[in-house]
Novice: 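One structure coming up, written as C-alpha cells, with questions to follow.
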Amino acid sequence: MTSRYNNLDLEILISTMNKKSLDFLEPMFPFSHFSNFSILIVNQTQKDSLLTSDYPNIKIINSFEKGLSRSRNLALQNATKKLCLIADDDIVYAPDFEKEIVNAFNTLEDASLITFNHQRVGVDKPQKIATEIHKHTLKSIWNVSSIEIAFSLDAIKNNSIVFNDYFGLGSVFETAEEFLFLRSSLLQNLKLYYYPSVIVSHPKLSSGIHEGQDKLLFARTALFYKTKGKLAYLWLIKYLFFLLKNDYIKKEECIQKFKIGIAGIRKYKELEKK
C-alpha cells in the first residue's frame, strides 16, 4: 500500500525577527544539516537588514510588519508543501521528527491537523502526559503549543483558516494565537488529532512570566470575550479570585486589575467594529 505522504512533503514554517544569517538554524537541527529540510523563514526586519539564503531548500521572506500572527499568516500564504509544521527560532528538533510527523498523517488518514508533544530543554519527561492518540475538542486545544502543530496545507487554505492578527506576541493581545487557529479549524469541522510523539524541545519559560501580569490579563479577558461573549465579565471576576488565592496579585490590586480586564474587552470591541 502506497503512503500518501513522504518526508519531502513536509515544510517547516519558521517565524523570526532581525536575523542577518542562517546560523540560528544550526542548533535547531543538531543531528543533520538544516539544508536537508524544506524550510520557509519569515524574518520580520528592517529594509536595510535583509536575510538571504544560498540554499534551494531554504526560502526567505523578509517582512516589514510586526506581530507573530502576521508572520504566521505570511508563511501560510507562501508555503508550497503538502504538510506544514509551525516553528519558532529557539527550538531543537528531535532526530527523525519529520518521519514521526509523516507517519502520523499516513496513519490518521482523515486528519487535517495533528498536534504532537514536546519537552522543555533539560527536562526528561514530555510536557503532556497523554500517551494515546485522540481527537481534539474545544477543551483540549487550550493545552497546545504552536510548535506542536502540523497540518495539511490544502485543508487549511481551502477553509480560509488563518491566524487572528489581533492576538499573539507583538499584537494587541499578546496570547492565544494558536488556540484561535485551532478553534477556527474545529469550527470548520476539520479533523484535529493529538499524536503523542515528542518532536521538539523548547527552552524553559522565563520566571518573569506569571499569571498576574497586566498584559496577560488584558489579553485573556479579550480572548474570553471573543469566545464567550458577555460571560467574560463573570469570568474576569472568577479569574481575579484565582489570581488572589494563588498569590499572583495582592488584595489591594484587585480593582486596578479588574479595570485592566475591562479595558481588554473594550479594546476588542473597538477592533471588532473595524
Novice: For Asp9, is there an ion pair with Arg4 - N to carboxylate O distance below 4.0 angstrom?
Specialist: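 So Arg4 does not pair with Asp9 through a salt bridge.
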Novice: Do side-chain atoms of Asn78 reach the backbone of Leu74 as a donor and acceptor pair under 3.5 angstrom?
Specialist: yes
Novice: May I ask you to decide if the ring planes of Tyr233 and Tyr225 are parallel, tilted or perpendicular, using 30° and 60° as cut-offs?
Specialist: perpendicular
Novice: Answer yes when Lys59 and Glu11 have at least one side-chain N-carboxylate O distance shorter than 4.0 Å, and no when they do not.
Specialist: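 So Lys59 pairs with Glu11 through a salt bridge.
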Novice: Quick test of your reading of the model: are Asp89 and Lys19 salt-bridged, counting only N-O distances below 4.0 Å?
Specialist: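 A salt bridge links Asp89 with Lys19.
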Novice: Quick check on the hydrophobic clustering: are Phe105 and Leu8 connected, directly or via other members, by side-chain heavy-atom contacts under 4.5 Å?
Specialist: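 Phe105 does not cluster with Leu8.
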Novice: Okay, side chain of Asn43, backbone of Asn18: is any donor-acceptor separation there less than 3.5 Å?
Specialist: yes
Novice: At what distance, to the nearest 0.5 angstrom, does CG of Asp110 lie from CG of Leu192?
Specialist: 10.5 Å
Novice: Can you check whether Glu148's main-chain N or O pairs, donor with acceptor, with Ser145's side chain at less than 3.5 Å?
Specialist: no
Novice: Report the relative orientation of the aromatic rings in Phe179 and Trp142; use parallel for angles under 30°, tilted for 30 to 60°, perpendicular for over 60°.
Specialist: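 Plane angle under 30°, so parallel.
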Novice: Quick one: does any side-chain atom of Asn117 pair with a main-chain N or O of Pro126 as donor and acceptor, under 3.5 Å?
Specialist: no
Novice: Rounded to the nearest 0.5 Å, what separates atom CD in Glu98 from atom CD1 in Ile12?
Specialist: 8.0 Å
Novice: Please work out whether the ring planes of Tyr268 and Phe167 are parallel, tilted or perpendicular, with thresholds of 30° and 60°.
Specialist: tilted
Novice: First locate atom OH of Tyr93, then atom OG of Ser32, and finally report the distance between them rounded to the nearest 0.5 Å.
Specialist: 13.5 Å
Novice: Do Leu240 and Leu236 have side-chain heavy atoms sitting under 4.5 Å apart?
Specialist: yes
Novice: Can you tell me if CD on Glu270 sees more than 12 non-hydrogen neighbours from other groups inside 6.0 Å?
Specialist: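 Counting neighbours around CD of Glu270, more than 12 heavy atoms of other residues, nucleotides or ligands fall under 6.0 Å, so yes.
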Novice: Any Lys/Arg nitrogen of Arg72 or Asp88 sitting under 4.0 Å from an Asp/Glu carboxylate oxygen of the other?
Specialist: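 Judged by the 4.0 Å cut-off on N to carboxylate O distance, Arg72 and Asp88 do form a salt bridge.
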Novice: Any Lys/Arg nitrogen of Glu211 or Arg220 sitting under 4.0 Å from an Asp/Glu carboxylate oxygen of the other?
Specialist: yes
Novice: How are the rings of His202 and His118 set to each other: parallel, tilted or perpendicular (split at 30° and 60°)?
Specialist: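 Ring orientation of His202 relative to His118: perpendicular.
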Novice: What is the distance from atom SG of Cys254 to atom NZ of Lys259, rounded to the nearest 0.5 Å?
Specialist: 12.5 Å
Novice: Using the rule side-chain contact (heavy atoms from CB on, under 4.5 Å), only one of Ile156, Ile161, Ile86 pairs with Leu76; which is it?
Specialist: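 Passing option: Ile156.
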Novice: Is there a donor-acceptor pair closer than 3.5 Å between any side-chain N or O of Ser53 and the backbone N or O of Ile58?
Specialist: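 Indeed, once roles are kept as given, a pair shorter than 3.5 Å links the two residues.
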Novice: So, taking the atom named CG in Leu187 and the one named CG in Leu138, what distance separates them when rounded to the nearest 0.5 Å?
Specialist: 6.0 Å
Novice: Please name the residue in the list Ile114, Leu182, Thr115 that meets the side-chain contact (heavy atoms from CB on, under 4.5 Å) test with His136.
Specialist: Thr115
Novice: Once rounded to the nearest 0.5 Å, what's the spacing between atom CD1 of Ile199 and atom CD of Gln119?
Specialist: 11.5 Å
Novice: Check whether Asn73 reaches the backbone of Val162 with its side chain - one donor and one acceptor, N or O, closer than 3.5 Å.
Specialist: no
Novice: Please verify the inter-ring angle class for Phe31 with Phe29; under 30° counts as parallel, over 60° as perpendicular, anything in between as tilted.
Specialist: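 Geometry flag for Phe29 against Phe31: perpendicular rings.
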Novice: Do Ile60 and Tyr55 have side chains that get closer than 4.5 Å, going by heavy atoms?
Specialist: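 Ile60 vs Tyr55: side chains apart.
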Novice: Test the Lys47-Phe64 pair against the cation-pi criterion, namely NZ or CZ under 6.0 angstrom from the six-membered ring centroid and within 45° of the ring axis.
Specialist: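 That pair qualifies as a cation-pi contact.
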Novice: Please step through side-chain hydrogen bond (donor to acceptor under 3.5 Å, both in side chains) for the pair Asn103 and Tyr5, ending with a clear verdict.
Specialist: CA-CA 8 Å; Asn103 178 64; Tyr5 303 110; over 6 Å; no
